[in-house]
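Report on the following structure.
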Amino acid sequence: MANYWTTLGGAGVLLFAAVQAHAVDQSEQIKRGEYLAIAGDCGACHTDEHRAPFSGGHAIASPLGTIFSTNITPSKTAGIGNYSEAQFAAALRKGVRADGSQLYPAMPYTAYARLTDDDVSALYAYFMHGVQPVDTPAEKTALPFPFNLRFSMAAWNLLFADNRVFQPDASQSAMWNRGAYLVQGLTHCSTCHTPRNVLMAEQPSKNLQGASLGTWYAPDITATTLQGKSQWTREMLAEYLATGHAANGATAGGPMREAIDKSFSRMTPQDREAIATYLLPVATDIPASSKSTGLTPVQGDDFPDTLAKMSEGEQVYRNNCASCHNLSGQGLNGLPALQDHPILNKPNADNVAMAILQGVWPEHGQGMIGFADSLNDVQVAAVTNYVMHDIGHSSVQISPDRVSVLRAGGETSPLLMLSRIGMGLAVAAVILTLFCWRKRRASR
């Protein structure tokens with residue numbers, strides 16, 4: 001190959017050097033795009049278990065029904081291989097596919113709209129040249145009528161979507177601005193942590209103030225709350241994003257555990273520090289850790305007459321939880337303590353109940369088994385309330401009926417009922433109109 005170029009003389013050598021430089025630049029662009037895809041957690045939704053990366057088909061539970069992620073490999077028959085960069089950008093930022101149809105906001109294009117042109121270009125380079133094409137189409141989403149009419153999302157976008165690219169705040173540091181860019185855009189934290197209105201749109205006035213995901217609860221991560229009773233610091237937040245654990249006892253579970261395993265833990269320490277700086281703009285000192293070191297002795301009273309006086313929740317706890325968390329939640333032999341755990345400070349007990357039902361399984365390291373198959377709804381509610389009240393000193397409680405809802409995957413959206421009522425009224429109006437028309441015609 002080199003001989004071919006040298007036969008062209010000096011111009012050929014320069015052209016060869018230019019081709020090599022372009023190849024290096026494209027390689028760097030692809031590598032950067034891969035990092036951005038990790039930070040954006042693209043694989044969590046677009047890669048299903050036992051399927052090729054980004055080939056779609058992952059079932060995403062929503063209050064309106066199951067949404068299946070699309071194939072975003074560069075396949076020209078089943079993926080996005082025919083997308084131009086402009087079409088890719090429109091899908092990423094505006095939720096509009098190449099064929100003009102609308103995406104559902106389960107794809108967080110409302111957050112990705114903040115991405116810069118350079119980052120969009122790098123992502124495009126990665127998905128077009130750094131991902132293996134998979135020609136198997138993903139299962140198609142089939143939401144109930146009228147939500148299967150994708151064009152209705154255009155009206156939703158006009159009402160709620162904000163397509164402005166992120167603009168740095170000149171009054172803040174570069175670290176803060178990087179964190180703001182990540183939180184508001186690429187890592188799309190508001191998608192889970194911001195409450196939504198009846199039309200399933202985020203409420204900007206309650207940004208990051210906590211929201212139910214149907215089953216798990218994404219807590220309030222505003223600075224005031226983080227620096228409150230749980231006493232988060234920037235160092236703790238950065239460590240939590242890297243490992244799923246923090247010095248204040250916090251342990252990630254559910255969707256946050258998945259986000260840490262697949263995204264945050266694979267980001268650079270600098271980016272995790274930037275996120276912590278944005279969420280906690282005023283640095284705080286690390287409080288003295290209450291966590292013990294070495295082996296923790298079993299503590300508590302286990303005499304038969306005491307057992308007879310126990311509530312059902314405490315009995316369930318002793319039989320199933322104390323071997324790992326100690327008799328009063330102090331933690332045992334390096335396993336996490338429940339006393340002063342941030343999960344017990346939340347406005348509802350959903351996360352405790354979900355951890356009991358599903359367990360907490362990190363991608364690496366120790367996990368907690370789930371008890372959905374061995375405990376009924378009454379028992380789960382009882383032990384949840386015992387942990388919240390007796391160990392966490394919280395007045396928050398959960399009912400067996402709520403546990404049943406969580407076990408079933410959460411509540412359906414009121415939009416379903418409203419749409420059905422609306423359709424029923426529309427049909428009734430049509431029937432009434434036809435009846436009046438026929439009656440008027442018969443009277444002539």
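Hydrogens, waters and symmetry mates play no part in the numbers below; they use all other heavy atoms, side chains included. This structure is a prediction, so every number in the text was calculated from the model and none was measured.
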If we only count heavy atoms from C-beta on, is the [X] to [Y] side-chain gap below 4.5 Å?
{"X": "Met354", "Y": "Tyr217", "answer": "no"}
{"X": "Leu332", "Y": "Cys324", "answer": "no"}
{"X": "Phe371", "Y": "Leu357", "answer": "no"}
{"X": "Cys192", "Y": "Trp216", "answer": "no"}
{"X": "Ile398", "Y": "Val403", "answer": "yes"}

Between [X] and [Y], what is the shortest heavy-atom contact and its length?
{"X": "Gly57", "Y": "Ala138", "result": "N-CB, 3.4 Å"}
{"X": "Leu406", "Y": "Ala353", "result": "CD1-CB, 3.9 Å"}
{"X": "Gln379", "Y": "Leu375", "result": "OE1-CA, 3.3 Å"}
{"X": "Thr233", "Y": "Leu280", "result": "C-CD1, 3.5 Å"}
{"X": "Ala91", "Y": "Tyr109", "result": "O-CB, 4.0 Å"}

Polar side-chain atom of [X] near backbone of [Y] as donor-acceptor pair, under 3.5 Å:
{"X": "Asn385", "Y": "Ala381", "result": "yes"}
{"X": "Asn197", "Y": "Met200", "result": "yes"}
{"X": "Arg234", "Y": "Pro281", "result": "yes"}
{"X": "His46", "Y": "Thr70", "result": "yes"}
{"X": "His193", "Y": "Pro219", "result": "yes"}
{"X": "Ser394", "Y": "Asn345", "result": "no"}
{"X": "Gln358", "Y": "Ala355", "result": "no"}
{"X": "Thr141", "Y": "Phe68", "result": "yes"}
{"X": "Asp48", "Y": "Arg51", "result": "no"}
{"X": "Thr47", "Y": "Ala44", "result": "no"}

Criterion side-chain contact (heavy atoms from CB on, under 4.5 Å) on Ser121 and Glu85, from CA distance to verdict
CA-CA 7 Å; Ser121 292; Glu85 185 171 332; 2.4 Å; yes

Would you please indicate yes or no on a ring centroid separation below 6.0 angstrom for His188 and Tyr112?
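Distance test on ring centres: under 6.0 Å, yes.
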
Check whether the ring centres of Phe88 and Tyr83 lie less than 6.0 Å apart, and answer yes or no.
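Aromatic pair excluded; centres sit 6.0 Å or further apart.
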
Can we say [X] and [Y] salt-bridge, meaning some charged N sits less than 4.0 Å from an Asp/Glu carboxylate O?
{"X": "Asp377", "Y": "Arg407", "result": "yes"}
{"X": "Arg266", "Y": "Asp261", "result": "no"}
{"X": "Arg318", "Y": "Glu314", "result": "yes"}
{"X": "Asp135", "Y": "Lys76", "result": "no"}

Using a cut-off of 6.0 Å, state whether more than 12 heavy atoms not belonging to Gln132 lie near its atom CD.
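Result for CD/Gln132: open.
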
So for atom CG, which belongs to Asp99, do other residues, nucleotides or ligands contribute more than 12 heavy atoms lying within a distance under 6.0 Å?
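More than 12 within 6.0 Å, yes.
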
Does the pair Phe54 and Ile80 meet the rule for a side-chain contact (heavy atoms from CB on, under 4.5 Å), with working shown?
CA-CA 11 Å; Phe54 304 112; Ile80 59 172; over 6 Å; no

Cut-off 3.5 Å, side chains only: do [X] and [Y] have a donor facing an acceptor?
{"X": "Asp119", "Y": "Tyr181", "value": "yes"}
{"X": "Ser75", "Y": "Thr77", "value": "yes"}
{"X": "Asp118", "Y": "Thr116", "value": "no"}
{"X": "Ser55", "Y": "Asn71", "value": "no"}
{"X": "Ser190", "Y": "Glu202", "value": "yes"}
{"X": "Gln184", "Y": "Tyr278", "value": "yes"}

Nearest 0.5 Å please: distance from the [atom1] atom of [X] over to the [atom2] atom of [Y].
{"X": "Asn177", "Y": "Thr277", "atom1": "CG", "atom2": "OG1", "value": "11.0 Å"}
{"X": "Gln87", "Y": "Leu92", "atom1": "CD", "atom2": "CG", "value": "13.5 Å"}
{"X": "Thr224", "Y": "Ile221", "atom1": "OG1", "atom2": "CD1", "value": "12.5 Å"}
{"X": "Thr268", "Y": "Ile38", "atom1": "OG1", "atom2": "CD1", "value": "11.0 Å"}

Step by step, would you call Tyr126 with Gln29 a side-chain hydrogen bond (donor to acceptor under 3.5 Å, both in side chains)?
CA-CA 7 Å; Tyr126 171 63; Gln29 183 85 324; over 6 Å; no

Show, in sequence, the C-alpha distance, side-chain angles and deciding distance for Ser263 and Asp41, and conclude whether the side-chain hydrogen bond (donor to acceptor under 3.5 Å, both in side chains) test is met.
CA-CA 5 Å; Ser263 178; Asp41 208 13; 4.5 Å; no

Between His325 and Ile391, does a side-chain contact (heavy atoms from CB on, under 4.5 Å) hold up when you go through it step by step?
CA-CA 11 Å; His325 298 291; Ile391 296 178; over 6 Å; no

Please determine whether side-chain contact (heavy atoms from CB on, under 4.5 Å) holds for the pair Asn163 and Asn157, giving the CA-CA distance in whole Å, both sets of side-chain angles, and the decisive distance to 0.1 Å.
CA-CA 9 Å; Asn163 295 326; Asn157 289 336; over 6 Å; no

